[in-house]
Amino acid sequence: MTRRPLLAANWKMFKTVAQSVAYGRELIRRLETSAGLDAVDVLICPTSLSLWPLAQRVAGTAIRVGAQNLDLGSEGAMTGAVSGYLLREAGAEFVIVGHSERRQYFEEDDATVAKKVQAAIQAHLQPVLCVGETWQERQQDRTVEVIGRQVASALEGLGPEQASRVVVAYEPIWAIGTGSVPTPQDANQVATAIRRLMPPDIADATRILYGGSVSPKNIRDFACQSDIDGALVGGASLEAGTLMAMIELMVS
Ligand code: PGA
């Protein structure tokens, strides 16, 4: 089974609308002279405010746009909320769900994450489901147990067709924004464990990303692992030139 590699950029709470559009323009210019997009799917997840203008800017290219979060429901009296339906209409094709920052700062638990995965699928968005262990859990040798619980809960109740739309991102919490990373072999072992937890008829086709302090220095080591199909990148995705370098390292 060949899975198409995916490089996903998570901009978090960075970049104004103007900066997002300028980045889109620069990335298109750089990709014109690169073979990168023939071999790698590139996904940019800006703030919700920049979704529509960025999606407009990259329309007609192979660059995909996604959201970083969605709220439940579709339309309604829900002050401040942004649903999957509205994100989709604004140009998103993917949405990050269950990022550890959402779990930590917005108190999203496994049950909420599961509802958001379902809401994303209903809105015709592909969820990028983030799972990962704390440093303490890793020290206690509980990584696979913790991730198993997160994955099983998020996929519960999904049929095979729905589950086949999910991309999984393995992001050890202690590696996010810290410069510390697991060895690529370690990350691959967890990715293999995740694949075993997927419904058997879709396991082979599911894309599993590694995330946490990915940079041009290490992306190749992760992306060439047998069960890792790309990366979810935060800090190092904020410069178009650095993202471009990572795309090229993935295909080289
Ligand atoms: P980082 O973030 O690449 O800055 O570590 C990754 C993420 O949070 O998705």
Side-chain angles (χ1 to χ4, degrees), residues 5-15 19-20 23 27 40-48 50-51 54 64-70 92-108 113 116-117 120 125-135 137-138 143 146-147 150-151 154 166-184 186-188 190-191 194 207-223 225 228-250:
L6 172 64
L7 181 57
N10 175 11
W11 285 356
K12 308 192 180 186
M13 200 166 67
F14 290 103
K15 292 198 189 294
Q19 288 167 341
S20 304
Y23 183 117
L27 192 58
V40 180
D41 285 342
V42 176
L43 168 66
I44 310 286
C45 301
T47 70
S48 300
S50 294
L51 256 182
L54 180 63
R64 309 264 78 90
V65 173
Q68 298 172 18
N69 175 46
L70 78 167
E93 293 180 58
F94 292 77
V95 60
I96 298 171
V97 179
H99 190 282
S100 62
E101 287 153 15
R102 300 286 319 171
R103 293 181 193 255
Q104 189 182 345
Y105 305 133
F106 300 89
E107 293 173 14
E108 293 189 5
V113 171
K116 289 193 170 189
V117 167
L125 294 166
Q126 278 194 254
V128 179
L129 168 67
C130 299
V131 296
E133 81 286 3
T134 62
W135 179 248
E137 287 161 346
R138 169 164 281 245
T143 300
V146 167
I147 279 152
Q150 292 172 341
V151 172
V166 176
V167 174
V168 182
Y170 167 50
E171 297 208 309
I173 296 169
W174 51 272
I176 295 176
T178 60
S180 301
V181 289
T183 66
D186 256 7
N188 193 50
V190 179
I194 292 171
R207 289 193 285 193
I208 300 178
L209 313 180
Y210 167 75
S213 295
V214 172
S215 73
K217 285 203 187 99
N218 58 26
I219 191 159
R220 259 187 101 175
D221 299 336
F222 286 107
Q225 298 295 318
I228 297 179
D229 307 305
L232 178 57
V233 188
S237 73
L238 292 171
E239 294 287 336
T242 314
L243 189 84
M244 195 62 228
M246 290 189 283
I247 295 169
E248 283 178 344
L249 283 160
M250 278 176 76

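In each ligand, atom 1 is the first atom listed, and ligand 1 is the first ligand listed.
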Which residue holds the protein heavy atom closest to atom 9 (O) of ligand 1, what is that atom called, and what is the gap in Å?
Glu171 OE2, 2.7 Å
Considering both backbone and side-chain atoms of His99, is one of its nitrogen or oxygen atoms within less than 3.5 Å of a nitrogen or oxygen in ligand 1?
yes
Quick one: look up the protein heavy atom nearest atom 2 (O) of ligand 1 and list residue, atom name and how far away it is.
Lys12 NZ, 3.3 Å
Closest non-hydrogen contact found for Met250 with Gly230 is CE-CA, 3.8 Å
With Leu129 as partner, the option from Ile96, Val167, Val113, Leu209 fulfilling side-chain contact (heavy atoms from CB on, under 4.5 Å) is Val113
Inspect the surroundings of CD in Gln19 and state if more than 12 heavy atoms from other residues, nucleotides or ligands are less than 6.0 Å away.
yes
So, 4.0 Å and heavy atoms of Gly177: is ligand 1 close enough to count as a contact?
yes
What orientation do Tyr210 and Phe222 show, parallel under 30°, tilted 30 to 60°, or perpendicular over 60°?
parallel
Residue and atom name of the nearest protein heavy atom (relative to atom 4 (O) of ligand 1), distance in Å to one decimal:
Gly235 N, 2.8 Å
Is it the side chain (CB and beyond), the backbone, both or neither of Asn10 that lies under 4.0 Å from ligand 1, heavy atoms counted?
side chain
Check each atom of ligand 1 against the heavy atoms of Leu232 and keep those under 4.0 Å away; list them by number with element.
9 (O)
Side-chain (Glu171) to main-chain (Gly132) donor-acceptor, under 3.5 angstrom:
no
Within-shell test, Gly212 vs ligand 1, heavy atom, strictly < 4.0 Å
yes
Is there a donor-acceptor pair under 3.5 Å between the side chain of Asn10 and the backbone N or O of Gly234?
no
Nearest protein heavy-atom contact for atom 3 (O) of ligand 1: which residue, which atom, what distance?
Gly234 N, 2.8 Å
